[in-house]
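As structure tokens, the structure follows; a few thoughts come after it.
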Amino acid sequence: MASSFFEWTYFKVEESMKIVNPYFLLDLLGPITGRGDDDEEVEKYKYIDSSDETHYRTIINELFIDYYLGMNEQNQGKAKLALSYYLSRSELDFERIFESCLPPFDPPKDPRDFFVWIWEALFNGESYEIDPSEEYKIVADVNELNRI
């Protein structure tokens, strides 16, 4: 009898936790992923000044909004949660994440800004701050993107 109680308690805790999959953050960069290997794409974006956010915001508006809206509702929610979680935490190396997708242009001076601008374009006026009373668990599952 005690075993069932502990199992039930364990699952209750798990159900109350918000699961954050960092691969959904990477998936948000899909519109520019791998384009750094395409000479035409690199040429197209060579004008970008890393100190001018206008260029980045234009790219985000042109590429990222439609990409996000093309995701199914469940993936949208998971991508939004991942972006919100990591923007609210300071331990993530945003430059490394940005560069890992091989984009056709350099990140802004503060690479975190690129992710903030994505948030602002997708969720205009909504705060990305996570609820500090919620419990979060990181589950890095690259295959989850394909199962949903």
Side-chain angles (χ1 to χ4, degrees), residues 9-148:
T9 303
Y10 173 76
F11 287 113
K12 282 301 259 190
V13 170
E14 286 294 317
E15 288 175 12
S16 70
M17 295 179 95
K18 292 193 176 192
I19 306 300
V20 178
N21 186 341
Y23 286 104
F24 281 94
L25 180 65
L26 289 172
D27 187 49
L28 276 176
L29 298 176
I32 58 173
T33 298
R35 291 186 175 195
D37 287 336
D38 183 334
D39 292 338
E40 288 178 23
E41 289 291 313
V42 172
E43 182 69 24
K44 178 180 174 181
Y45 294 109
K46 73 178 182 182
Y47 67 88
I48 291 183
D49 175 2
S50 65
S51 64
D52 183 2
E53 73 181 69
T54 307
H55 298 290
Y56 293 105
R57 287 184 181 273
T58 300
I59 292 166
I60 290 166
N61 287 328
E62 289 175 355
L63 301 176
F64 287 76
I65 293 173
D66 286 342
Y67 181 77
Y68 178 79
L69 293 174
M71 294 177 174
N72 67 44
E73 192 174 317
Q74 193 171 10
N75 280 6
Q76 284 181 357
K78 289 178 181 270
K80 182 178 182 180
L81 177 61
L83 183 57
S84 172
Y85 178 84
Y86 286 110
L87 285 174
S88 297
R89 307 286 178 150
S90 61
E91 73 261 7
L92 190 66
D93 182 349
F94 285 99
E95 182 172 18
R96 184 172 178 220
I97 296 296
F98 183 91
E99 295 288 0
S100 73
C101 78
L102 300 172
F105 48 84
D106 291 329
K109 295 241 183 254
D110 181 355
R112 182 180 181 277
D113 286 344
F114 190 78
F115 294 86
V116 170
W117 299 329
I118 290 173
W119 178 272
E120 291 172 351
L122 298 178
F123 314 110
N124 190 17
E126 194 174 327
S127 173
Y128 57 76
E129 293 296 325
I130 59 173
D131 183 348
S133 67
E134 296 278 348
E135 291 186 58
Y136 297 86
K137 180 178 180 181
I138 307 300
V139 177
D141 180 3
V142 69
N143 294 314
E144 183 177 9
L145 296 161
N146 299 321
R147 287 194 301 265
I148 298 176

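Numbering starts at 1 and runs along the sequence shown.
- Every side-chain contact (heavy atoms from CB on, under 4.5 Å) that Lys109 has, sequence neighbours left out, goes to Ser50, Ser51.
- Considering only residues two or more places apart in sequence or on other chains, Ser127 meets the side-chain hydrogen bond (donor to acceptor under 3.5 Å, both in side chains) condition with none of them.
- Using a 30° and 60° split on the angle between ring planes, Trp119 and Phe123 fall in the tilted class, from 30° to 60°.
- Of the residues listed (Val142, Asp27, Ile138), the one engaging Pro22 in a side chain to side chain contact (heavy atoms under 4.5 Å, CB included) is Ile138, and it is the only one.
- Partners of Glu120 by side-chain hydrogen bond (donor to acceptor under 3.5 Å, both in side chains), not counting sequence neighbours, listed by chain and number: Arg57.
- Ring geometry, Tyr85 versus Tyr136: the interplanar angle falls from 30° to 60°, so the pair is classed tilted.
- Residues Glu53 and Ile60 have side chains not in contact (no heavy-atom distance under 4.5 Å, counting atoms from C-beta outward).
- Partners of Glu126 according to the side-chain hydrogen bond (donor to acceptor under 3.5 Å, both in side chains) rule, which considers only residues two or more places apart in sequence or in another chain, are Lys80.
- Ring planes of Phe94 and Phe115: tilted class, angle from 30 to 60°.
- Legend: residues meeting ring-ring contact (aromatic ring centres under 6.0 Å, His included) with Tyr86, ordered by chain and number and at least two apart, are absent.
- Ring-plane geometry between Phe98 and Phe105 is classed as tilted, the angle between the planes lying from 30 to 60 degrees on a 0 to 90 degree scale.
- For the pair Leu83 and Tyr68, the minimum side-chain heavy-atom distance is 4.5 Å or more.
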N/O donor-acceptor pairs under 3.5 Å from side chains in residues 40-47, not counting sequence neighbours:
{"unit_1": "Glu41", "atom_1": "OE1", "unit_2": "Arg35", "atom_2": "NH1", "d": "3.2"}
{"unit_1": "Glu43", "atom_1": "OE2", "unit_2": "Lys46", "atom_2": "NZ", "d": "2.6"}

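- Applying the side-chain hydrogen bond (donor to acceptor under 3.5 Å, both in side chains) rule to Asp141 yields the partners Arg147; only residues at least two apart in sequence or on another chain are considered.
- For Ser133, the side-chain contact (heavy atoms from CB on, under 4.5 Å) partners are Asp131, not counting sequence neighbours.
- For Ser88, the side-chain contact (heavy atoms from CB on, under 4.5 Å) partners at least two apart in sequence or on another chain are Ser84, Tyr128, Glu129, Ile130.
- In this structure Pro31 satisfies the side-chain contact (heavy atoms from CB on, under 4.5 Å) test together with Leu63, Phe64, Tyr67, sequence neighbours excluded.
- Closest heavy-atom contact between Thr33 and Leu29: OG1-O, 2.8 Å.
- Evaluation of the ring-ring contact (aromatic ring centres under 6.0 Å, His included) rule for Tyr23 yields no partner, not counting sequence neighbours.
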